[in-house]
> 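Before I ask anything, here is the structure I am working with.
All values below were derived from every heavy atom in this structure, side-chain atoms included, with hydrogens, water molecules and symmetry-related copies excluded. Throughout, residue positions are numbered sequentially from 1 according to the sequence presented. Every value quoted in this text rests on a predicted model; they were computed, and no experiment measured them.
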Amino acid sequence: GLRLEPDEPVLLWSLGLAHLAEGDLAGAVDVLGRAAAAGATGAHAGLGTAHARRGDDEAALDHFDEAVRAAAGEPDSPHARYAAEQAAALRDNLAKRQWVDRFGRSSLQRGWTEHQWDGSPRVTLRDDAVRVVGRVERPREDELPGIARVVDGRGFVSVEAALSAAGEGDGRFGLALTYRQVKGQRGRLPKARLELAVDAEGQVRLTALDNFETLLRDAWPVPGAVVPRGERVRLGVERVDAASGTFRFRVDGRPVGEPVELKSLRGFRNLLDLEVWGDAPPGRSVDVAIDEVRIVRFP
């Protein structure tokens, strides 16, 4: 059809949506942009979705708003309704990311810090950061002092946390993304877990657990990634491919190690536990500051 009519807006629009459905975001942006320029105003809704999935939120909002404006005289337009819903969800998501980044809302602060730890270390808000300070008296081996939040696995893209060893101590700290499931009479256990941790010497180590017992990575040291005491580091986990359950670790924004494929998280649509923690041997002290936590989702 495009060979016969290369500037036909509806054909371009359809081809752009096909690129989007196949996950070819660059191709979708190119073809949908041509469709919109040719007069297919509804293509702006698809452009907004493509830009949002590429992480360009401002461009996505511009296109969603344009789709709503173009259908101002058509209140029942499905494209306008979709664009309005996506724009509202994206703005809400951006606002919540700001709250999480700086722990800027008291209700969110309470939600992240209440009932997370009942041992010796105190989890408090101090100096624009969450501080984990005290001696560790761990009642259970799988409990770690820190903050936690549930992440919806359906639209999850990545998580990231910025941490530092804030004072003298013998502790380590890290970020973990865990899928828990009931296993027999043993209760809820980690079925899949992705963890980045900084040990007491400052070495960054990564761990990947699959199907309860398969250790794909076991505290593997990241070459060249050593964090001096007091220096801030950003640890992150990113989902590369939802269908295959492929994930990648990041340190200060750069990928480290090889991507890992977790069979337990193929086509995953359940809930994950995000835990940002500080830890030390029992009876030893820990002092960790967590000043940023970011959860990125598709709108």
> Assess the residue pair Arg81 and Asp76 against the criterion (side chain to side chain contact (heavy atoms under 4.5 Å, CB included)); give the C-alpha distance rounded to whole Å, side-chain angles, the decisive distance to 0.1 Å, and a yes or no.
CA-CA 7 Å; Arg81 286 202 306 271; Asp76 296 328; 4.2 Å; yes
> At what distance, to the nearest 0.5 angstrom, does NZ of Lys191 lie from CD of Glu213?
11.5 Å
> Is any side-chain heavy atom of Phe249 less than 4.5 Å from a side-chain heavy atom of Glu238?
no
> Using the rule that two of Ile, Leu, Val, Met, Phe, Trp, Tyr join whenever any of their side-chain heavy atoms come within less than 4.5 Å, decide whether Leu216 and Phe268 are in one cluster.
yes
> With a 4.0 Å cut-off on N to O distance, would you call Glu292 and Arg294 a salt bridge?
yes
> To the nearest 0.5 Å, what is the distance between CD on Glu195 and CZ on Arg205?
11.5 Å
> Quick check on side-chain contact (heavy atoms from CB on, under 4.5 Å): which of Thr207, Thr178, Val260, Leu272 does Leu194 satisfy it with?
Val260
> Would you check, one step at a time, whether the test side chain to side chain contact (heavy atoms under 4.5 Å, CB included) holds for Leu11 with Ser14?
CA-CA 5 Å; Leu11 286 173; Ser14 300; 5.8 Å; no
> In the structure I gave you, are the side-chain heavy atoms of Val136 and Pro121 within less than 4.5 Å of one another anywhere?
yes
> I'd like to know if Arg135 and Asp287 make a salt bridge, using a cut-off of under 4.0 Å between side-chain N and carboxylate O.
no
> Around atom CZ of Arg266, are there more than 12 heavy atoms of other residues, nucleotides or ligands at under 6.0 Å?
yes
> For Lys263, does the NZ atom have more than 12 heavy-atom neighbours from other residues, nucleotides or ligands under 6.0 Å away?
no
> Can you tell me if Glu275 uses its side chain to pair, donor with acceptor, with the backbone of Gly146 under 3.5 Å?
no
> Nearest 0.5 Å please: distance from the CG atom of Asp57 over to the NE2 atom of His51.
11.5 Å
> Any side-chain to backbone donor/acceptor pair from Asn211 onto Thr214? Under 3.5 Å, distance only.
no
> Passes side chain to side chain contact (heavy atoms under 4.5 Å, CB included), Glu160 versus Leu235? Steps please.
CA-CA 6 Å; Glu160 187 179 65; Leu235 307 176; over 6 Å; no
> Between His63 and His44, how do the two ring planes meet: parallel, tilted or perpendicular, split at 30° and 60°?
parallel
> How about CD on Glu258, more than 12 heavy atoms from neighbouring residues, nucleotides or ligands closer than 6.0 Å, or not?
no
> Using the side chain to side chain contact (heavy atoms under 4.5 Å, CB included) rule, take Leu163 and Val198 through it: C-alpha gap first, then chi angles, then the decisive distance, then the call.
CA-CA 10 Å; Leu163 308 92; Val198 179; over 6 Å; no
> Tell me yes or no: between the side chains of Tyr82 and Ser77, is some donor less than 3.5 Å from an acceptor?
no
> How about Arg69: does its CZ atom have over 12 heavy atoms from other parts shown lying under 6.0 Å from it?
yes
> Is it true that Glu201 and Arg229 make a salt bridge, defined as a side-chain N closer than 4.0 Å to a carboxylate O?
no
> Do the side chains of Glu85 and Arg91 get close enough for a salt bridge, i.e. N-O under 4.0 angstrom?
no
> With rounding to the nearest 0.5 Å, note down the distance linking CG in Leu90 to CZ in Phe64.
7.0 Å
> For residues Val132 and Ile290, determine if any side-chain heavy atom of one lies less than 4.5 Å from a side-chain heavy atom of the other.
yes
> Nearest 0.5 angstrom please: Leu175 CG to Leu206 CG, how far?
12.0 Å
> Would the distance check show the side chain of Arg217 and the main-chain N or O of Trp220 forming a donor-acceptor pair, the cut-off being under 3.5 Å?
no
> Side chains of Ser264 and Asp210: any donor to acceptor distance under 3.5 Å?
yes
> With distance as the sole test, does Thr49 use its side chain to make a donor-acceptor pair with the main-chain N or O of Ala45 at under 3.5 Å?
yes
